[in-house]
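Beneath this line is the structure, given in structure tokens, with notes to follow.
Small disclaimer: the values here were computed from a predicted structure and weren't measured. In what follows, every chain begins at residue 1, and chains take the letters A, B, ... in the order their sequences are listed.
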Number of protein chains: 2
Amino acid sequence: MSTDPRAQRSRAAVVQGAAELLLADGPGGVTVDAVVQRTGVARSTIYRHFPTSTDVLRAAVDAVLPEVAPGGRALAGDSPRDVLVRRVTATAEQLSTGAWVRALPALLELVAREPALEAHRTEIVARHRTDLVEHLRAAADAGLLPVGADLGVAADRLVGPLFYRRLVTGEPLTPELCEQLVDSVLTPGDPR
Amino acid sequence: MSTDPRAQRSRAAVVQGAAELLLADGPGGVTVDAVVQRTGVARSTIYRHFPTSTDVLRAAVDAVLPEVAPGGRALAGDSPRDVLVRRVTATAEQLSTGAWVRALPALLELVAREPALEAHRTEIVARHRTDLVEHLRAAADAGLLPVGADLGVAADRLVGPLFYRRLVTGEPLTPELCEQLVDSVLTPGDPR
DNA sequence: CCAGTACGAAACAGTACTGTAGCGAAACGG
DNA sequence: CCGTTTCGCTACAGTACTGTTTCGTACTGG
């Protein structure tokens, strides 16, 4: 029943097409008709797999959201500062990607309006955050942060300005900015 | 013709009603029928004042956006640090206001999708920014910032984490956080 | 090979929104 | 006070989307 390759194929096609539409046109662009036209999957087939069009959108969000967490692997010989710089720069590059420039505001608007997606948001943010906080803890252990520093706030100070620039002001995210941000969090008073 | 109080009244009612709908339900909630039902202004009257429903939405955005710039007046006797703390705290409080919690993501999504609104965005951001940069310059003149500091980046470091928390993580914006942010930008190395 | 199943195509009612048009009533202003 | 303007009301065609249903076809797995 669920092992039928036809069912798996068409379901996957629907989710992928819906995800593409989500990235291209935002949540409002994920309509059943649009998915039909894009994927060639029939209308009745979509409604056989998903109770409602909202569930299609939810599946698309599920398919898209995991990409938010970069999870860059840290090389062994790197200094904690280098790890942070690479991590923050990776986030900046990801935020500058064409797809995310359009999708991020749409996703935020969607999450703000749909309480059902709140759980997804916190999960993704947590994954994104614990990764970053882990790097910060390593830096703190190396004495690069003040003793009582709140690592959560430090994380906000690292990536907050990046999201702010991308979402609000529209200014570019340069590698120099990323280094500046890391150095502004590390070693307060001795920027070296 | 345009001095007729009837025309002015109904136009103002439409704009105000549309702005309320924009804050309450987002851009998608600003439909002609919704404005009719909310304001009592007739359908034909709305179309007599605005060529298309998009123009109604644009007028609503115009009516709502100026509120973004807080423009808190600085009291004479305050230290530059106090001015910045009050300014950042005011921004945090505004971001925590119920209306803006719902409206901000919607507005960002709208601006991201409608290139026609890009000019508005840059204008509002500029007003918001020059105000903040002005305060930062005063602090720099008082020797509270390193000599070569980029005031634009300093502004990003001040309010970026606030927007990030509000938009992405959903964490609360406490007065303590605001003070921490100001102190993290001022006097690097001498947090006092 | 063949019964069971998923499929594509197409038509359907229902809802919501846009933009237009015509009409009589009420308000404005000289 | 009376002509002009604006108003509210209602009806209308057109579009877009949702969710349901039917039917014949093609694929899958035992």
Side-chain polar contacts of residues 137-152 of chain A - donor-acceptor pairs under 3.5 angstrom, sequence neighbours left out - could you list them?
residue	atom	partner	partner atom	Å
A/Asp150	OD1	A/Gly152	N	2.8
A/Asp150	OD1	A/Val153	N	3.2

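Taking every heavy atom of residues 13-22 of chain B and every atom of DNA chain C, no pair lies under 4.0 Å.
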Margin query: Generate the contact string for nucleotides 7-19 of chain D. Rules: B means base contact, S means sugar-phosphate contact only, - means no protein heavy atom under 4.0 Å.
Written below: BBB-------SBB
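In this structure, the separation between CG on A/Leu162 and CG on B/Asp156 is 9.0 Å, given to the nearest 0.5 Å.
One can place CZ of B/Phe50 at 15 Å from P of C/dT20, the figure rounded to the nearest angstrom.
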Next item on the list: Under the side-chain hydrogen bond (donor to acceptor under 3.5 Å, both in side chains) rule, what do B/Gln16 and B/Glu20 come out as? Steps first, then yes or no, please.
Entry: CA-CA 6 Å; B/Gln16 182 190 337; B/Glu20 292 170 5; 2.9 Å; yes
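Scanning all heavy atoms of the two residues, the minimum distance from B/Val168 to A/Leu108 falls at CA-CD2, 4.3 Å. The nearest pair of heavy atoms linking B/Val85 to B/Glu179 is CG1-CG, 3.9 Å.
B/Thr52 and B/Asp55 form no side-chain donor-acceptor contact under 3.5 Å, judged by distance and modelled atom types alone. Inspection of the B/Arg58 and B/Thr54 side chains reveals no N or O donor paired with an N or O acceptor under 3.5 Å.
Between A/Phe163 and A/His128, the two ring planes are perpendicular [angle over 60°; tilted spans 30° to 60°].
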